[in-house]
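For reference, the structure discussed in these notes is given below.
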Amino acid sequence: EHLIATIDRLMPEAVGIARRIGELKELSGVELESARLLTERLRAAGARVDVGVGGLPTAFRATFGSGLPRIAILAEYDALPDLGHACGHHLSGTASTFAAIALMESGLIAHPPAPPLPQGGGETVNDFSPARGEGEREGVGGSLIVIGTPMEESGGGKIRMIEAGVFTGVDVALMTHTSNETRAAYRTMASQAFRIILTSDPKEWNWRARNITDVLVDVLTVLRIVENRAGVGTQILWAIPEGGSQNNVVPSRMVIDVGIWSYDEIMLARTIERIRVRAMQAAEQTKVGLAFDMYEPMYLPFEPNEALVAE
């Protein structure tokens with residue numbers, strides 16, 4: 001009952017912050033104000049807040065309590081180009097943040113005073129491991145950690161943070177995401193984003209020969225054919241961020257931004273290779289260069305923890 005009362009008390013403030021982040025619509029990697037809104041509130045609640053973790057300026061790690069277990073709640077807060085917060089990260093990131101604050105302010109988690117932040121601010125902290133068994137005063141012992149994970153819509157933020165050791169020592173990671181239904185277990189799809197870059201020398205253009213625009217159309221056809229053959233459970237999305245300026249000017253560079261989603265990471269890898277082979281074939285016998293830019297790491301499927309879900 002005390003926890004519910006705490007949540008009710010915090011709700012108006014949480015809604016206000018969520019609305020503000022929703023208005024900001026900050027894109028992946030530049031969520032500066034959104035991260036500031038969340039970290040300032042966590043710091044005010046008594047958390048030790050480290051900003052810039054994992055080498056990402058808008059990532060953060062806020063720690064309440066100490067010792068084991070170390071339970072992390074993940075917060076997302078980046079928006080989509082053009083659509084803003086269509087995925088609802090302004091809601092889910094704020095919900096994760098205030099879930100931790102509510103647990104602390106309701107007294108359910110033991111929380112010794114946080115150590116002072118390093119001087120200068122904005123430091124990336126490499127050792128996030130609190131001392132074991134310290135300061136259990138009231139409530140349940142252990143560490144409650146809010147990890148701010150930027151670059152979710154683009155850039156592979158969580159993967160970069162894992163590789164940098166930000167999640168080292170974490171026993172359990174939880175997160176919430178907006179949806180049209182409520183459920184405890186959700187298996188996400190594996191995904192990979194990459195660019196197919198076409199280049200040509202305008203001086204080599206011949207109206208009787210296949211040029212860069214013809215190759216672009218052929219590659220788009222390859223994407224659709226490969227998707228159809230991959231079957232149910234694999235989807236290919238694409239956009240053309242660089243497609244030329246006007247119809248009577250043959251561009252020297254054209255770019256297709258591709259995203260592949262699949263419930264099977266093996267099928268995902270096979271699909272990428274099929275696209276690579278067939279796209280290269282489309283450019284053969286032309287003077288068009290074709291290159292792949294795997295600008296984002298591959299996301300593996302998110303596997304729910306069945307034991308936690310059962311609880």
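For reference, positions follow the sequence shown, starting with 1. Note that the coordinates shown come from a computational prediction; the quantities given were computed from them, not determined experimentally.
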Distance-only criterion, 3.5 Å: show the donor-acceptor pairs between side-chain atoms of residues 226-235 and protein atoms not counting sequence neighbours.
from, atom 1, to, atom 2, distance (Å)
E227, OE1, R224, NH1, 2.2
E227, OE2, I236, N, 2.9
N228, ND2, R224, O, 3.3
T234, OG1, S262, OG, 3.0

Tell me whether [Y] is reachable from [X] by hopping between hydrophobic residues (I, L, V, M, F, W, Y) whose side-chain heavy atoms are closer than 4.5 Å.
X	Y	result
M280	I212	yes
L174	F64	yes
L220	V277	no
W261	Y299	no
I7	L10	yes

For [X] and [Y], work out which heavy atoms get closest and say how close.
X	Y	result
F167	I147	CE2-CD1, 3.7 Å
E105	H2	O-NE2, 4.2 Å
L56	P150	CD1-CG, 4.2 Å
L74	S96	O-OG, 2.8 Å
V288	A283	O-CB, 4.0 Å
L27	P81	CD2-N, 3.6 Å

Flag the pair [X] / [Y] as yes when at least one side-chain heavy-atom distance between them is below 4.5 Å, and no otherwise.
X	Y	answer
P301	E265	yes
I240	L216	yes
I21	E23	no
M254	V219	no

Spacing of [X] atom [atom1] and [Y] atom [atom2] [to the nearest 0.5 Å]:
X	Y	atom1	atom2	value
S106	I4	OG	CD1	9.5 Å
I225	I275	CD1	CD1	11.5 Å
L290	I256	CG	CD1	8.0 Å
F60	I145	CZ	CD1	12.5 Å
I260	M298	CD1	CE	8.5 Å
R276	I196	CZ	CD1	9.5 Å

With a 4.0 Å cut-off on N to O distance, would you call [X] and [Y] a salt bridge?
X	Y	result
R270	E273	no
E40	R43	no
R160	E163	no
K158	E76	yes

Given salt bridge (charged side-chain N to carboxylate O under 4.0 Å, His left out), test K25 with E153 step by step and report yes or no.
CA-CA 12 Å; K25 303 176 185 178; E153 300 293 4; over 6 Å; no

Just one of E26, R36, E31 clears the side-chain hydrogen bond (donor to acceptor under 3.5 Å, both in side chains) bar with T58, so which one?
E31

Over 60° means perpendicular and under 30° means parallel, so tell me whether H90 and H85 are parallel, tilted or perpendicular.
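If you compare the ring of H90 with that of H85, the planes turn out tilted.
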
Side chain to side chain contact (heavy atoms under 4.5 Å, CB included) between I101 and E13: does it pass, once the steps are laid out?
CA-CA 12 Å; I101 293 172; E13 182 186 7; over 6 Å; no

Are the side chain of [X] and the backbone N or O of [Y] linked by a donor-acceptor pair below 3.5 Å?
X	Y	result
S143	G67	yes
T188	F302	yes
S252	D201	no
Q192	E296	yes

Applying side chain to side chain contact (heavy atoms under 4.5 Å, CB included) to V255 and D293, what does each step give before you reach the verdict?
CA-CA 10 Å; V255 176; D293 174 21; over 6 Å; no

Under the rule for side-chain hydrogen bond (donor to acceptor under 3.5 Å, both in side chains), what residues qualify as partners of Y295, not counting sequence neighbours?
D257

Can you list everything that forms a side-chain hydrogen bond (donor to acceptor under 3.5 Å, both in side chains) with R274? Sequence neighbours excluded, please.
none

Check against side chain to side chain contact (heavy atoms under 4.5 Å, CB included), L80 and C87
CA-CA 8 Å; L80 287 161; C87 282; 4.0 Å; yes

So for atom CZ, which belongs to R19, do other residues, nucleotides or ligands contribute more than 12 heavy atoms lying within a distance under 6.0 Å?
no

Around Q246, counting heavy atoms of other residues, nucleotides and ligands shown, do more than 12 lie under 6.0 Å from its CD?
yes

Passing candidate, side chain to side chain contact (heavy atoms under 4.5 Å, CB included) with P69, options V170, V172, D171, L144
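Result for side chain to side chain contact (heavy atoms under 4.5 Å, CB included) with P69: D171.
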
For a side chain to side chain contact (heavy atoms under 4.5 Å, CB included) with L37, tell me which candidate from L24, L42, T94 qualifies.
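Single side chain to side chain contact (heavy atoms under 4.5 Å, CB included) partner of L37 among L24, L42, T94: L24.
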
Stepwise side chain to side chain contact (heavy atoms under 4.5 Å, CB included) test for M294 and I272:
CA-CA 10 Å; M294 314 300 287; I272 293 172; 4.1 Å; yes

